[in-house]
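Have a look at the structure below, then the notes.
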Number of protein chains: 2
Amino acid sequence: MAGRPRSFDRDAALAAAVEQFWREGYEATSIATLTSAMGVSPPSLYAAFGDKNRLFEEASAAYFRLTCEGLDRAAELPTAREAIVRMLDDTAHAHTRAATPPGCLMLTEPRLTAQREELHQRLLDRLDRGVKDGDVPPGARTDRLASFLVAVLRGMSGCARDGGTLEDLQEIAETAMAAFPAQPEKAVRRPTSP
Amino acid sequence: MAGRPRSFDRDAALAAAVEQFWREGYEATSIATLTSAMGVSPPSLYAAFGDKNRLFEEASAAYFRLTCEGLDRAAELPTAREAIVRMLDDTAHAHTRAATPPGCLMLTEPRLTAQREELHQRLLDRLDRGVKDGDVPPGARTDRLASFLVAVLRGMSGCARDGGTLEDLQEIAETAMAAFPAQPEKAVRRPTSP
DNA sequence: CCCATTCTGTAGCGATCACTATTGATGTCG
DNA sequence: CGACATCAATAGTGATCGCTACAGAATGGG
C-alpha cells in the first residue's frame, strides 16, 4: 500500500514557487520556470500541487499567512498610531529586502482582491479598536483611513517594484502618517470665534 | 509611386490598441486580441505599427499625452494645493469611467517606469512652484510629497482595478490631502514654550 | 523474493504565442 | 488601358504555453 516516497521537500518547493510568483506574477510565471526554480519535474509538480492555479492559491495563502503574522504583531502595540506606523515600516522593509523580490505579491497580483479586502479589514479593525481605546478621535473616518492606507501600501509596493529604496518607502510612509488624525487631547479646547 | 491606400483608420486602430493594453496590460494582451479589437489583420498591424513592442510604445505614448494634458490643465490653478486636488479628482474620474477600463495604464504597467518618473517630476515642479509662489510653506519636503502623491495615485488605480467606485477613490484622495502641508500664515506665529 | 503502489524523468500532446511568406486585390500613375 | 506600388487576407512558421501518457525507479507488504 506504500509507494516510492517523494524525493523533494514539499515546503521548500512551495517556498520557491512563492518567490517566483512574487517576482513575476501569476500570468508571467510559466510551469517551466516553476519546475526549474522548484527543482521538480512537471509530473511531480502536478502530483504534489494539482495545477498552476491551485499551486498559486497555496503559494499566495502561505505568503498571506506570513504577512498577517507581521500585521498581528504590529497590531499589539498600545495605540493605533503606533501600530500603523509599525505596519508601514515593516512593509517598507519587506518590500525592499534584497533576499526577496521587490514589492508585494498580495498588493500587486490582480486576482488577490480578496486578500486585499482582508488587509483592509484588519487595518479597519485596529483603527476601530483605537477609537474604542480612546487613542483615535471618535469622529475619525476609520473606513476611509483604512482604504487610504491600503492605497498607500499599494503605492509603496509599486515604488519598490520601480526600484525604490527602503528610504524612499519610509518617506512615503512618514508622509502618509500626516494624514493620520491627531491624538485627541485630554480636554477638548473649544475653538473661539474671531 | 503610389499604391493601394490603407483601408483602416490608423488613429482609431491605435485607440483600440490603447484600450486593450489599458484593460489587460502588455503581457496579457496577445496579437490575436489586438487584431480583433483593432479590426485589422496581423500583416496590416505589423506593416502599420512595427511589432508588438513598438505598438505598445506608441499606444502608451498616446495615453501618456492625454494624461499630461489633464495634468497641465490642473497645474494652471493658482495654488499648488488646488492643482493637486484637481489632479487627484481628475484621476479619480479617469480611473472609474464606464467607457474606459478601470485604473490607469501608466501607473499599472511594470515597463512604464519612465512615465511614472515623469509624472513625479511634474508633481514636483508644481509643488516647487507653490513654494516659490508662497502658497506652500518654504520648509515643505516637496520631493517626498511628490513621491507620496505618486504612491497615492497608484493606490487609487489599484483600488479602481479591484472594483472601487468614484466615491472610493475620491475618499482616498481627500484623506491623502490631509498630508498636504498647511498654507503658510501671513505672520508666522512663534510657538510659545509651556 | 514478487507484487502493488507511488514517485520520477522523458517525451510529447493540442493550443496559443509573436510573427511572416505568399498570393491576390486595389489603388495611383503614365 | 497597362505598369507599378502598396495593402490585405490566408495560411503557416518555430517556439512556448499548461498539462499528461508512458515507462522506469524506488519503496513497503506478503
Side-chain angles (χ1 to χ4, degrees), chain A residues 1-63 101 105 108-112, chain B residues 1-63 101 105 108-112:
Chain A
M1 200 169 173
R4 174 178 176 176
R6 84 159 44 96
S7 66
F8 61 92
D9 182 346
R10 194 180 187 279
D11 290 341
L14 182 61
V18 168
E19 181 164 334
Q20 273 299 314
F21 284 129
W22 187 352
R23 174 166 287 115
E24 307 185 2
Y26 178 81
E27 296 288 350
T29 300
S30 70
I31 298 291
T33 64
L34 283 170
T35 56
S36 169
M38 301 165 73
V40 169
S41 62
S44 300
L45 188 155
Y46 280 86
F49 298 103
D51 58 2
K52 188 186 175 186
N53 243 293
R54 272 192 281 181
L55 172 58
F56 176 77
E57 278 173 23
E58 198 169 335
S60 58
Y63 182 96
L105 173 62
T108 309
E109 188 58 46
R111 62 178 57 198
L112 293 181
Chain B
M1 199 168 173
R4 173 179 177 178
R6 82 159 46 96
S7 66
F8 62 92
D9 181 346
R10 194 181 187 282
D11 291 340
L14 182 61
V18 168
E19 181 164 335
Q20 272 299 314
F21 284 128
W22 188 352
R23 173 165 288 116
E24 307 185 3
Y26 177 81
E27 297 287 351
T29 299
S30 70
I31 298 291
T33 65
L34 282 170
T35 55
S36 169
M38 300 164 74
V40 169
S41 63
S44 301
L45 188 155
Y46 280 86
F49 298 102
D51 58 2
K52 187 186 174 185
N53 243 294
R54 273 192 281 181
L55 172 58
F56 176 77
E57 277 173 24
E58 198 168 337
S60 59
Y63 182 96
L105 173 62
T108 310
E109 189 57 48
R111 61 179 57 198
L112 294 181

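Below, all heavy atoms of this structure are taken into account, side chains as well, without hydrogens, waters or symmetry copies. Numbered from 1 within each chain, the chains take letters A, B, ... in sequence-line order.
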note = Whichever of B:Pro5 and B:Thr29 has the more 5' nearest nucleotide on DNA chain C, that residue is B:Thr29

ask   = Among C:dT10, C:dC19, D:dG18, which nucleotide sits nearest the side chain of A:Pro43?
value = C:dT10

query = Aromatic rings A:Tyr26 and A:Phe21: how do their planes relate, parallel, tilted or perpendicular, breaks at 30° and 60°?
reply = parallel

key: Distance in angstrom units between A:Glu24 CD and D:dC17 P, rounded   = 10 Å

request  = Figure out the CD/P separation between B:Gln20 and C:dA18, and round it to whole Å.
outcome  = 12 Å

task = Please determine if a side-chain N or O atom of A:Ser44 lies less than 4.0 Å away from the OP1 or OP2 oxygen of C:dT8.
result = yes

Any A:Phe56 side-chain heavy atom under 4.5 Å of A:Leu112 side chain = yes

Interatomic distance, A:Asp51 CG vs D:dC19 P [rounded to whole Å] = 5 Å

ask   = B:Arg54 CZ to C:dC19 P: how many Å, rounded?
value = 10 Å

query = Which of these, B:Gln20, B:Glu19, B:Glu24, sits in a side-chain contact (heavy atoms from CB on, under 4.5 Å) with B:Pro101?
reply = B:Glu19

task = Taking only the side-chain heavy atoms of A:Arg6 (C-beta and beyond), determine which of C:dT8, D:dT10, D:dC19 contains the nearest atom.
result = C:dT8

inquiry  = Taking 4.0 Å as the cut-off, does a side-chain nitrogen or oxygen of B:Ser7 come that near to OP1 or OP2 on D:dA8?
reply    = yes

query = According to a strict under-4.0 Å criterion, is B:Tyr46 in side-chain N/O contact with OP1 or OP2 of C:dC19?
reply = yes

message = As a test of reading the structure: which of D:dG18, C:dC7, C:dC19 is closest to the side chain of A:Arg4, going by heavy atoms?
response = C:dC7

query = A:Ser41 and A:Thr35: which non-hydrogen atoms are nearest, and at how many Å?
reply = C-CG2, 4.1 Å

Among D:dG18, D:dC17, D:dC7, the one nearest A:Ala32 by side-chain distance = D:dC17

key: Selected nucleotide, minimal atom distance to B:Ser41 side chain, candidates C:dC19, D:dA9, D:dC19   = D:dA9

request  = When you get a sec, tell me which of D:dT10, D:dA21, D:dA8 is the closest nucleotide to the side chain of B:Phe8?
outcome  = D:dA8

